[in-house]
Amino acid sequence: MRSLLLKSSFFIFSFLFANNLDTVELRNFNDDNTLQEFQGQATYISKSTMELGRWGARLSEEQKKQVKARLKNRLEKKYILTFNKEEALFYEDEKLDAMSGATDSWGKNFAPGKQYKNVKSNEQIQNQEFYGKQFLVKDNLQKIEWQLGKETKQIGNYTCFKATASIPTSDLTWYDFSWSRLQNPNTTEEESDSKSDETQEPSVDMTEVEAWYSPQIPVGHGPLEYWGLPGLILEVSAGNTTMLCTKVVINPEDKVEISAPEKGKIVSKQEYQETIVEKMKEFRNNRMGRRRG
């Protein structure tokens, strides 16, 4: 997701229809049999603004608009989360790109693939394609130390409670890439532009996360890396990112099989990130070699 034009793969946006979340009448979640049998599906929408940095300062307002228009398919995404009591399957709904006819081969190398989570076994399995090669990233679920607050708000018909956490940015964007990672995996782009004391230990870039969950849907699931709250996460903001649930269907007539991806070379999150960094080093060196030639 991250490119030279984007500071990160995260998004910031506000929806006028945030309080118009489509809902279906919930079954009795206190019934153990229902808990075993029920399935839900949540639709999330994300949008983003771009931070062009010093490069963008040289562009006119018209040029900035043209850049944003060309990258619209990268800045507007729709995701589906299908879940039961213990498992969840999260993936991008690529119908938006198909309808627009837009393609983004570069961005797809750094976008999150189909993700399976199991909160009982503490397992995450995610399919990633990187320059035509398939990887199966197997690891534990992201450790999140949530701070539960008392603040509430309505999202559609659901009463949601606020929770916050601070998470290392590299743990949230392990499938992504920034050129600054060739210098230091935990250094932000702003930090890489400034001079720092070489004797000082590199700091870990942290992302502040704000989530809104509803105990009315008592499952510990959420989009992307987020999970572990006493209710489905309907909205989450991380750094300059916000993802908003726009539709929830409980016990749909057509059930979907929730199963983990199976194809690809098995690696951990760290091993996958190391693969990306090595490939991008090779890409950079080849490009510099062609220029010298």
Single-linkage hydrophobic cluster, 4.5 Å side-chain cutoff, Leu136 and Tyr131 together: no
Partner residues of Pro168 under the side-chain contact (heavy atoms from CB on, under 4.5 Å) criterion, sequence neighbours left out: Ser170, Asp171, Val204, Met206
Residue pairs passing the salt bridge (Lys or Arg N to Asp or Glu O under 4.0 Å) test where at least one lies in residues 258-277, sequence neighbours excluded: Glu225-Lys269
side-chain hydrogen bond (donor to acceptor under 3.5 Å, both in side chains) partners for Trp227, two or more places apart: none
Close side-chain approach of Leu234 to Val248, heavy-atom, < 4.5 Å: yes
Side-chain polar contacts of residues 159-167 - donor-acceptor pairs under 3.5 angstrom, sequence neighbours left out - could you list them?
residue : atom : partner : partner atom : Å
Thr159  : OG1  : Gln154  : OE1          : 2.6
Ser166  : OG   : Glu208  : OE2          : 3.0

Tyr175 to Gln128 - nearest heavy-atom pair and separation: CB-NE2, 3.8 Å
Within one Ile-Leu-Val-Met-Phe-Trp-Tyr cluster: Leu89 and Val249, side-chain cutoff 4.5 Å: no
Distance in Å, Lys77 NZ paired with Asp93 CG, rounded so as to fall on 0.5 Å steps: 10.5 Å
Contacts of Lys120 that satisfy side-chain contact (heavy atoms from CB on, under 4.5 Å) - sequence neighbours left out: Glu86, Asn118
Residue pair Asn122 / Leu141, side-chain heavy-atom distance below 4.5 Å: yes
Spacing of Leu244 atom CG and Ile233 atom CD1 [to the nearest 0.5 Å]: 13.0 Å
Interatomic distance, Glu257 atom CD to Gln39 atom CD [nearest 0.5 angstrom]: 10.0 Å
Atom CD of Gln270: over 12 foreign heavy atoms under 6.0 Å: no
Test item: Tyr44 and Leu224 side chains (from C-beta on) under 4.5 Å apart, heavy atoms: no
Qualifying residues under ring-ring contact (aromatic ring centres under 6.0 Å, His included), relative to Phe135, sequence neighbours excluded: Tyr272
ILVMFWY network linking Val119 to Tyr213, side-chain heavy atoms under 4.5 angstrom: yes
Criterion side chain to side chain contact (heavy atoms under 4.5 Å, CB included) on Leu172 and Tyr226, from CA distance to verdict: CA-CA 9 Å; Leu172 295 176; Tyr226 309 107; 3.7 Å; yes
Flag side-chain contact, heavy atom, 4.5 Å: Lys133 against Thr275: no
Smallest separation among heavy atoms of Met243 and Pro223, with atom names: SD-CB, 4.3 Å
Gap between atom CD of Glu235 and atom OG of Ser214 - 0.5 Å precision: 12.5 Å
Phe83 side chain near Phe38 side chain, heavy-atom distance below 4.5 Å: yes
Contacts of type side-chain hydrogen bond (donor to acceptor under 3.5 Å, both in side chains), residue Ser237, not counting sequence neighbours: Thr242
Residues Thr246 and Thr43: side-chain donor-acceptor under 3.5 angstrom: no
Closest contact, heavy atoms only, Leu81 versus Ala88: CD1-CB, 3.9 Å
Closest approach of Ala238 to Val209 (non-hydrogen atoms, all atoms of both residues): CB-CG2, 4.0 Å
Side-chain heavy atoms of Ile276 within contact of Lys279, under 4.5 Å: no
Glu87 CD to His221 NE2 distance, which is reported to the nearest 0.5 Å: 8.0 Å
All pairs passing side-chain hydrogen bond (donor to acceptor under 3.5 Å, both in side chains) where residues 135-147 contributes a residue, at least two apart: none
Glu253 CD to Asn251 CG distance, which is reported to the nearest 0.5 Å: 10.5 Å
same_hphob_cluster(Leu232, Tyr116) at 4.5 Å side-chain heavy-atom cutoff: no
Heavy-atom pair of closest approach, residues Ala211 and Leu229: CB-CD1, 4.0 Å
Set of residues satisfying ring-ring contact (aromatic ring centres under 6.0 Å, His included) with respect to Phe90, sequence neighbours excluded: Tyr79
With Gln41 via side-chain contact (heavy atoms from CB on, under 4.5 Å) - residues at least two apart: Ile80, Thr82, Val256
side-chain hydrogen bond (donor to acceptor under 3.5 Å, both in side chains) partners for Lys255, two or more places apart: none
